[in-house]
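See structure below.
Ligands are counted one by one from 1 in listed order, and the atoms in each one are counted from 1 as well. Here, residue 1 is the first one in the sequence, and each next residue gets the next number. Only a predicted model underlies this, so the values are computations on that prediction, with no experimental measurement involved.
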Amino acid sequence: MHPDTPQPPPSLRLTVDTDALAANWRALDALSGAASAGAAVKADAYGLGVDTCVPVLRDAGCETFFVAHWSEVAGVAAHVPADRIAVLHGVLSEADCAYARSIGAVPVINSLDQARLWQASGGGRCHLMVDTGINRLGISLGESGDPVIGGLAIDILMSHLASADETTAMNRMQAELLREAADSIAHQRLSLANSAGIALGEAFAFDVTRPGLALYGGVPRAELEGHIRQVARVEAQIIQCRQLAPGDAVGYNGTFIANTPMRVGTVSIGYADGFLRSRGPGNALLHQGRPLPILGKVSMDMVVTDLAAAPDLGPGDWIEVPWNIADAAQQNTLSPYEMLTVLGRRLRGA
Ligand SMILES: *Cc1c(COP(=O)(O)O)cnc(C)c1O
């Protein structure tokens with residue numbers, strides 16, 4: 001054992017373009033007009049890493065950070081004051097309320113029960129979600145007159161758009177219903193728009209916007225094209241190269257069979273890293289723009305590629321794994337949200 005021998009560098013890496021991330025936040029903040037943009041940093045900043053992304057967003061000027069779970073608060077609070085963190089799932093138990101108080105993060109209250117629980121624990125500053133049609137979380141408009149709601153100290157009164165990535169009358173209707181709720185519920189600030197909602201225009205921005213996907217390079221509506229830069233880059237090394245003879249089969253179940261002699265490379269990324277089987281045959285990895293078609297099933301830790309277009313490559317060479325989430329052609333059955341959030345731990349630690 002040589003415990004002081006450093007761990008060798010990993011054979012796959014995720015690079016987050018922090019300049020692009022900051023530029024995306026600034027673009028979305030500008031597109032939010034008079035409103036200020038917050039940032040959805042749930043799910044480890046959509047797979048790109050809270051420790052990488054939150055300081056960049058904070059330094060760009062972001063003041064409000066949204067997570068889903070209480071388990072996500074401490075990681076974000078290492079970089080920003082906890083009272084700037086909103087927890088979207090709200091409080092489900094006394095333990096949630098006690099934790100909220102001790103760490104100082106702010107629950108988004110989603111129901112009359114949550115409101116009662118929060119008040120019983122001592123109340124204090126909170127946010128409130130009203131449902132305007134997505135039927136997921138939030139009090140209904142009919143509940144807005146309930147005395148327990150009247151007793152809350154609400155900072156951000158918010159709702160969430162169901163189909164902001166589509167052009168539908170539903171968007172305007174939801175904005176109208178939030179305005180109605182705002183007439184009867186005391187609050188400091190209003191919030192409705194996610195990334196796609198920002199693209200709908202200033203009538204949807206209110207006081208605070210909540211972009212997530214577009215910060216990280218997603219383009220959910222055409223209006224955002226030209227404003228959003230790619231943030232995530234994934235690369236992996238060739239582990240081994242081999243020569244196939246006609247008739248040789250590649251990978252589990254031999255779903256690819258060579259019909260000519262060919263040189264192939266086994267690359268260090270697999271479905272455990274988020275390179276799912278749906279991104280297998282029919283797709284390619286890249287080396288300096290040269291496509292390296294994927295052969296056979298994607299394995300847990302590796303994938304085999306055809307090196308015909310890059311005969312100069314060998315073990316140790318780095319291969320580009322396409323991860324441009326704005327490019328629909330790469331997404332197959334995955335949404336851009338899923339392409340980010342499936343990024344595996346071995347990539348994030350890199
Ligand atoms: C995740 C989330 C967002 C961010 O949505 P994007 O489409 O990623 O911009 C905003 N608001 C709420 C309530 C969310 O859950």
Quick one: look up the protein heavy atom nearest atom 5 (O) of ligand 1 and list residue, atom name and how far away it is. Asn194 CB, 3.3 Å
Measuring from Leu224:CG to Asp165:CG, what's the distance to the nearest 0.5 Å? 11.0 Å
Before you tell me yes or no, could you show the steps for Asp131 and Arg136 under salt bridge (Lys or Arg N to Asp or Glu O under 4.0 Å), namely the whole-Å CA-CA distance, both residues' side-chain angles and the distance that decides it to 0.1 Å? CA-CA 7 Å; Asp131 177 63; Arg136 212 172 57 168; over 6 Å; no
Would you tell me whether His79 and Asp51 have side-chain atoms, one donor and one acceptor, within less than 3.5 Å of each other? yes
Any side-chain donor-acceptor pair under 3.5 Å between Thr64 and Arg210? no
Indicate yes or no for a side-chain donor-acceptor contact from Asn194 to the backbone of Gly197 under 3.5 Å, with no hydrogens or angles considered. yes
Is there a heavy atom of Pro211 sitting under 4.0 angstrom from any atom of ligand 1? yes
Identify, by atom number and element, the atoms of ligand 1 in contact range of Gly212, meaning under 4.0 Å from any of its heavy atoms. 4 (C), 6 (P), 8 (O), 9 (O)
Which residue and heavy atom of the protein sit nearest atom 9 (O) of ligand 1, plus the separation: Ser195 OG, 2.5 Å
Met158, portion touching ligand 1 at heavy-atom distance under 4.0 Å: neither
Between Ser11 and Gln237, a side-chain donor and acceptor under 3.5 Å: no
Under 4.0 Å, counting heavy atoms only: does Arg136 come that close to any atom of ligand 1? yes
For Leu88, the ligand 1 atoms whose distance to one of its heavy atoms is below 4.0 Å: 13 (C), 14 (C), 15 (O)
Looking only at heavy atoms, is any part of Arg210 under 4.0 Å from ligand 1, and if so is it the side chain, the backbone, or both, or is it neither? both
Show which atoms of ligand 1 fall inside a sub-4.0 Å distance from at least one heavy-atom site of Leu213. 6 (P), 8 (O), 9 (O)
Count the heavy atoms belonging to other residues, nucleotides or ligands that lie under 6.0 Å from CE of Met173, then report whether that count exceeds 12. yes
Tell me, which protein residue and heavy-atom name are nearest atom 13 (C) of ligand 1, and how many Å apart are they? His160 ND1, 3.5 Å
Row check, Trp25 ring normal vs Arg58 NZ/CZ: under 6.0 Å, within 45°: no
Among all the protein's non-hydrogen atoms, which is closest to atom 7 (O) of ligand 1, and how far away is it? Tyr337 OH, 2.5 Å
Under 4.0 Å from ligand 1, counting heavy atoms only, is it the side chain of Phe66, its backbone, both or neither? neither
May I ask you to check whether over 12 heavy atoms, not counting those of Arg101, lie within 6.0 Å of atom CZ? yes
Starting from atom 1 (C) of ligand 1, find the nearest protein heavy-atom neighbour and note its residue, name and distance. Lys42 NZ, 1.4 Å
For ligand 1, which atoms, with element, lie under 4.0 Å from some heavy atom of Tyr46? 1 (C), 4 (C), 5 (O), 6 (P), 8 (O)
Within 6.0 angstrom of Arg125 CZ, more than 12 heavy atoms from elsewhere: yes
Numbering as shown, the atoms of ligand 1 that approach Ala40 to under 4.0 Å (heavy-atom distance): 4 (C)
